[in-house]
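Below: the structure, in structure tokens.
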Amino acid sequence: MARVGFGVSELPMRRKYTRRRYCFGATASLSFLVSTLFLAAISPALATVADYTSLTPDKSHSHLIAKDDTSSGFPFFLGSFNGLLIDDEGQETGETRGLDLVSRAPEGASLLENNHFHANDILMGEIQYFHFPKGSMGSNGANTTTDNQNNSASKRATTTVYLSLTICSKPILNESISDTRRDLPQLAVYVSISDSLQEPGPDKNNRGQTVHHSEEGYMNATMSTEGNIYIGVVAPNSGDYSGSYSYQIAASTDALFHAHEQTPMAVFVDSGSEAALFTMGGVLTAEQLQRWERNNTSVFTMFVNNANSTATAGLSRSYCALERYSESTMGDNIETSLSRTKPDDRPKEQFYITGLNGSSTYVGVLAMTGNSSDSGNGIVGGGGKIYRPQNFTTKADGNCAVIYDLDFCSDIAYAVPSNPSMNLSTLRSNYDNYTANLYKNFNYSLQQIQCNTSNETIFSMAVNCDDCATAYKNWLCAVTIPHCDDFSMTSNSTAVMVRNAAQQFPNGTKVTNKTLTENPMTNRPRNSGLIDDIIQPGPYMEILPRVQICHDLVRTCPMTLGFQCPRGKWLPYSYDTSAALSLRFPTASVVAAVSICGLFWLF
Ligand SMILES: *[C@@H]1O[C@H](CO)[C@@H](O)[C@H](O)[C@H]1NC(C)=O
Ligand SMILES: *[C@@H]1O[C@H](CO)[C@@H](O)[C@H](O)[C@H]1NC(C)=O
Ligand SMILES: *[C@@H]1O[C@H](CO)[C@@H](O)[C@H](O)[C@H]1NC(C)=O
Ligand SMILES: *[C@@H]1O[C@H](CO)[C@@H](O)[C@H](O)[C@H]1NC(C)=O
Ligand SMILES: *[C@@H]1O[C@H](CO)[C@@H](O)[C@H](O)[C@H]1NC(C)=O
Ligand SMILES: *[C@@H]1O[C@H](CO)[C@@H](O)[C@H](O)[C@H]1NC(C)=O
Ligand SMILES: *[C@@H]1O[C@H](CO)[C@@H](O)[C@H](O)[C@H]1NC(C)=O
Ligand SMILES: *[C@@H]1O[C@H](CO)[C@@H](O)[C@H](O)[C@H]1NC(C)=O
Ligand SMILES: *[C@@H]1O[C@H](CO)[C@@H](O)[C@H](O)[C@H]1NC(C)=O
Ligand SMILES: *[C@@H]1O[C@H](CO)[C@@H](O)[C@H](O)[C@H]1NC(C)=O
Ligand SMILES: *[C@@H]1O[C@H](CO)[C@@H](O)[C@H](O)[C@H]1NC(C)=O
Ligand SMILES: *[C@@H]1O[C@H](CO)[C@@H](O)[C@H](O)[C@H]1NC(C)=O
């Protein structure tokens with residue numbers, strides 16, 4: 001069979017063909033590093049350590065009243081001022097006047113406005129009161145006019161109120177305490193929906209109130225009421241801590257202002273020794289995508305902290321605390337971009353975290369800024385949403401770096417063999433250009449084949465040359481850009497292979513095991529040329545590509561090209577066969593049709 005003329009010598013599998021004669025049985029007994037997905041250890045360190053005695057009410061708030069200038073003259077809340085207290089002097093406690101828009105605020109209580117957060121500091125042992133009057137229900141500051149019209153209609157209706165609190169900063173740990181990971185005592189929120197209990201707190205009978213404790217710096221509560229809501233926020237007394245907490249509290253009739261979800265929204269993709277890549281689980285909605293594409297506005301944000309860090313310990317569900325105290329935040333050490341990678345090609349937001357230390361464990365938290373389209377006061381859900389944190393570990397050897405968003409190999413997003421002295425953009429373009437050039441050669445040869453002629457001469461009715469080109473590209477990207485892990489990784493999967501064992505580590509030490517340094521399967525990279533000549537990493541572990549990627553190529557490309565997957569004992573040196581259900585080896589006639597010199601073993 002005539003070989004079509006293309007740069008055979010530039011094809012990586014051509015070189016590997018000669019190498020297979022030297023192969024002998026080095027078995028690597030390793031398995032995938034399982035990225036640890038975890039459920040954050042939630043320790044409701046609450047009332048047990050808290051001492052709610054010696055509570056003093058905060059009476060620092062001024063009393064003001066405002067009226068609107070409509071004909072009805074309803075009093076209204078100045079939407080942009082937090083903590084503005086509206087008080088109708090002269091009325092009896094519990095009595096209301098007019099259309100019940102405003103009721104008397106308890107002495108010393110701060111007013112909560114619908115969908116507006118109130119930020120306060122609270123000393124250890126202190127109690128602070130809030131008041132969410134019936135009049136503000138259904139009256140989102142952003143749409144007061146319309147809501148006012150319906151207020152009388154809904155006056156007697158039961159309203160669902162969503163109350164949320166986040167702790168933004170914590171008191172200082174007593175210096176005499178050496179255990180810096182000690183559980184943080186959390187805040188307690190007492191809620192009364194009865195006008196006869198306007199100062200709920202630990203000293204009151206619990207029948208008239210409910211108590212909610214924050215966990216990991218976050219508390220939510222939902223209640224149904226026809227009337228006013230009275231809230232007491234209590235900071236516990238603790239000999240271990242001194243100073244004050246700062247927190248945000250918000251009430252809403254629409255939805256929680258601050259939200260928290262246990263879903264693991266962040267998907268860990270891979271890490272190098274200094275960087276890591278995450279994507280979001282799920283996909284962006286059409287509207288979110290539009291904002292991304294038009295305005296380059298991200299929907300999610302991410303916070304990353306060393307697992308040892310104490311700055312956000314006990315506050316992992318608090319948006320404001322993570323925003324203030326995280327080691328890595330967006331724009332600082334975290335870049336976000338839009339990704340459309342396999343398998344679904346659907347748009348996702350991805351996060352690239354840099355400036356990490358090698359072989360360290362980190363905690364990544366994905367969060368939504370506001371309600372994803374807007375944030376801040378006056379916005380329903382404007383306080384953001386925190387998802388379940390996720391631990392990840394960086395690699396140790398300095399040999400692997402995460403690359404993604406390549407122009408040609410656009411689906412590649414994982415750690416690849418690298419060298420600490422090579423910067424990321426050089427690494428990216430080295431791999432991508434090299435692969436794109438190999439593909440160009442292949443494309444020339446594909447054009448020689450009667451691809452776009454009549455149906456009678458096309459090589460297969462079921463597949464066409466585009467399918468072949470795609471399969472070739474997938475295969476080429478997977479084998480020329482190996483998926484890298486630490487040489488020292490331990491696992492019992494056979495789908496990893498030691499590579500480049502003859503080279504030295506970035507710190508100058510070498511592998512001493514002769515089995516590995518002399519076997520041509522393990523002492524060099526998978527393909528000569530790019531990696532050993534230009535990238536020059538130390539010894540690394542290759543996580544092998546799935547064998548299906550080779551079988552797809554053989555199946556979809558014209559037999560004239562003579563592609564073949566390695567067989568028998570050679571297969572596990574190059575491919576992960578563990579997921580292969582039915583191996584589609586080429587038929588006998590295909591094997592017979594290829595001449596020895598034209599045979600391409602797809603190592
Ligand atoms: C994640 O890291 C935290 C903080 O170090 C630790 O307490 C937790 O056990 C880790 N979770 C997993 C699943 O490793
Ligand atoms: C106020 O409500 C009306 C009617 O529901 C709506 O058309 C309008 O967009 C809202 N305005 C704002 C600022 O939300
Ligand atoms: C007022 O409430 C009624 C009944 O709940 C509803 O049908 C109507 O659309 C509301 N009007 C406005 C302006 O929101
Ligand atoms: C720190 O703890 C010690 C021992 O429990 C206590 O005597 C001391 O008063 C505490 N200091 C502060 C500032 O709370
Ligand atoms: C309310 O808080 C609980 C516990 O943190 C959480 O599981 C739940 O998802 C929260 N609800 C919302 C809507 O954020
Ligand atoms: C883009 O930003 C502009 C101004 O910041 C805003 O007016 C517009 O609505 C935004 N577009 C989208 C699709 O979010
Ligand atoms: C984190 O803690 C581990 C185990 O306690 C320790 O080996 C490591 O050095 C610590 N890392 C940092 C950066 O403090
Ligand atoms: C050099 O790096 C390798 C791989 O990270 C490590 O196993 C080895 O202990 C290091 N040697 C020295 C002397 O630091
Ligand atoms: C890769 O190709 C791009 C565009 O062709 C070029 O700008 C860049 O210098 C090349 N990089 C390398 C490392 O060859
Ligand atoms: C030839 O292939 C084209 C495109 O695949 C198809 O539309 C056409 O029906 C085929 N013609 C015959 C005769 O099979
Ligand atoms: C790997 O080995 C461990 C312990 O020897 C075993 O528990 C685990 O199931 C093994 N994993 C696989 C994928 O074989
Ligand atoms: C060398 O590596 C091979 C393959 O990983 C292993 O089977 C063998 O035990 C190692 N030899 C020594 C001396 O560690």
Side-chain angles (χ1 to χ4, degrees), residues 23-31 39-44 46 160-167 186-187 189 212-223 250 252 254-265 314-319 365 367-368 370-371 380-389 403 406-409 418-419 422-440 481 487-494 496-499 501-502 510-519 521-523 529-531 533-535 539-542 572-573:
C23 301
F24 53 95
T27 53
S29 191
L30 307 140
S31 85
L39 177 64
I42 299 151
S43 50
L46 304 167
T160 303
V161 175
Y162 304 89
L163 186 66
S164 61
L165 173 141
T166 57
I167 301 175
Q186 300 276 330
L187 297 180
V189 181
H212 310 267
H213 296 277
S214 63
E215 283 180 38
E216 288 289 315
Y218 174 77
M219 184 282 320
N220 68 22
T222 307
M223 62 224 65
S252 167
D254 306 291
L256 284 168
F257 187 80
H258 307 94
H260 164 252
E261 239 181 54
Q262 273 296 354
T263 29
M265 192 58 154
L315 302 177
S316 70
R317 295 179 186 174
S318 164
Y319 191 99
V365 179
M368 186 180 272
N371 65 8
V380 175
K385 185 188 275 185
I386 296 288
Y387 297 91
R388 192 158 96 186
I403 60 171
L406 304 183
D407 290 331
F408 179 71
C409 289
S418 168
N419 185 308
M422 190 170 276
N423 74 38
L424 185 74
S425 63
T426 313
L427 188 70
R428 265 186 210 189
S429 66
N430 269 323
Y431 276 108
D432 209 33
N433 291 11
Y434 184 81
T435 316
N437 281 332
L438 292 176
Y439 181 79
K440 216 185 289 170
I481 310 183
F487 177 78
S488 56
M489 88 182 270
T490 49
S491 86
N492 41 9
S493 159
T494 51
V496 293
M497 277 294 294
V498 172
R499 305 283 189 197
K510 289 193 120 183
V511 174
T512 51
N513 185 331
K514 282 210 157 51
T515 316
L516 299 173
T517 56
E518 288 173 3
N519 181 347
M521 270 296 177
T522 56
N523 70 4
L530 175 67
I531 293 176
D533 294 346
I534 297 164
I535 312 276
Y540 62 91
M541 208 60 93
E542 182 186 343
Y573 285 105

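Remember, it's 1-based here, ligands and their atoms both numbered in the order they're listed.
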**OP:** Give the numbers and elements of all ligand 9 atoms closer than 4.0 Å to a heavy atom of S429.
**Re:** 11 (N), 12 (C), 13 (C)

Original post:
What is the distance from atom OH of Y387 to atom CD of Q262, rounded to the nearest 0.5 Å?
Top reply: 12.5 Å

Original post:
Y218 and H258: side chain to side chain contact (heavy atoms under 4.5 Å, CB included), yes or no, with the steps?
Top reply: CA-CA 8 Å; Y218 174 77; H258 307 94; 3.7 Å; yes

Original post:
Between A255 and V380, what is the shortest heavy-atom contact and its length?
Top reply: CB-CG1, 3.9 Å

Original post:
Do other residues, nucleotides or ligands put more than 12 heavy atoms under 6.0 Å from the CG atom of D407?
Top reply: no

**OP:** Using a 4.5 Å cut-off on heavy atoms from C-beta on, say whether the side chain of M368 contacts that of Y319.
**Re:** no

Original post:
Say you draw a straight line from CE of M219 to NE2 of H212; how long is it, rounded to the nearest 0.5 Å?
Top reply: 6.5 Å

**OP:** Collect the protein residues that have a non-hydrogen atom under 4.0 Å from ligand 5 and hand them over in chain and number order.
**Re:** Y218, N220, L256, A259, H260, R317

Subject >> Nitrogen or oxygen atoms of N513 and ligand 12 under 3.5 Å apart >> reply: yes

**OP:** Answer yes or no: does an N/O atom from N433 fall short of 3.5 Å to an N/O atom of ligand 9?
**Re:** yes

Subject >> side-chain hydrogen bond (donor to acceptor under 3.5 Å, both in side chains) partners of K440, counting only residues at least two apart >> reply: N437

**OP:** Any chance you could measure L165, atom CG, to L256, atom CG, to the nearest 0.5 Å?
**Re:** 11.5 Å

Subject >> ligand 12-proximal atoms of L516, by part, heavy-atom distance under 4.0 Å >> reply: side chain

Original post:
Closer than 4.0 angstrom: is that true for some heavy atom of T426 and an atom of ligand 9?
Top reply: no

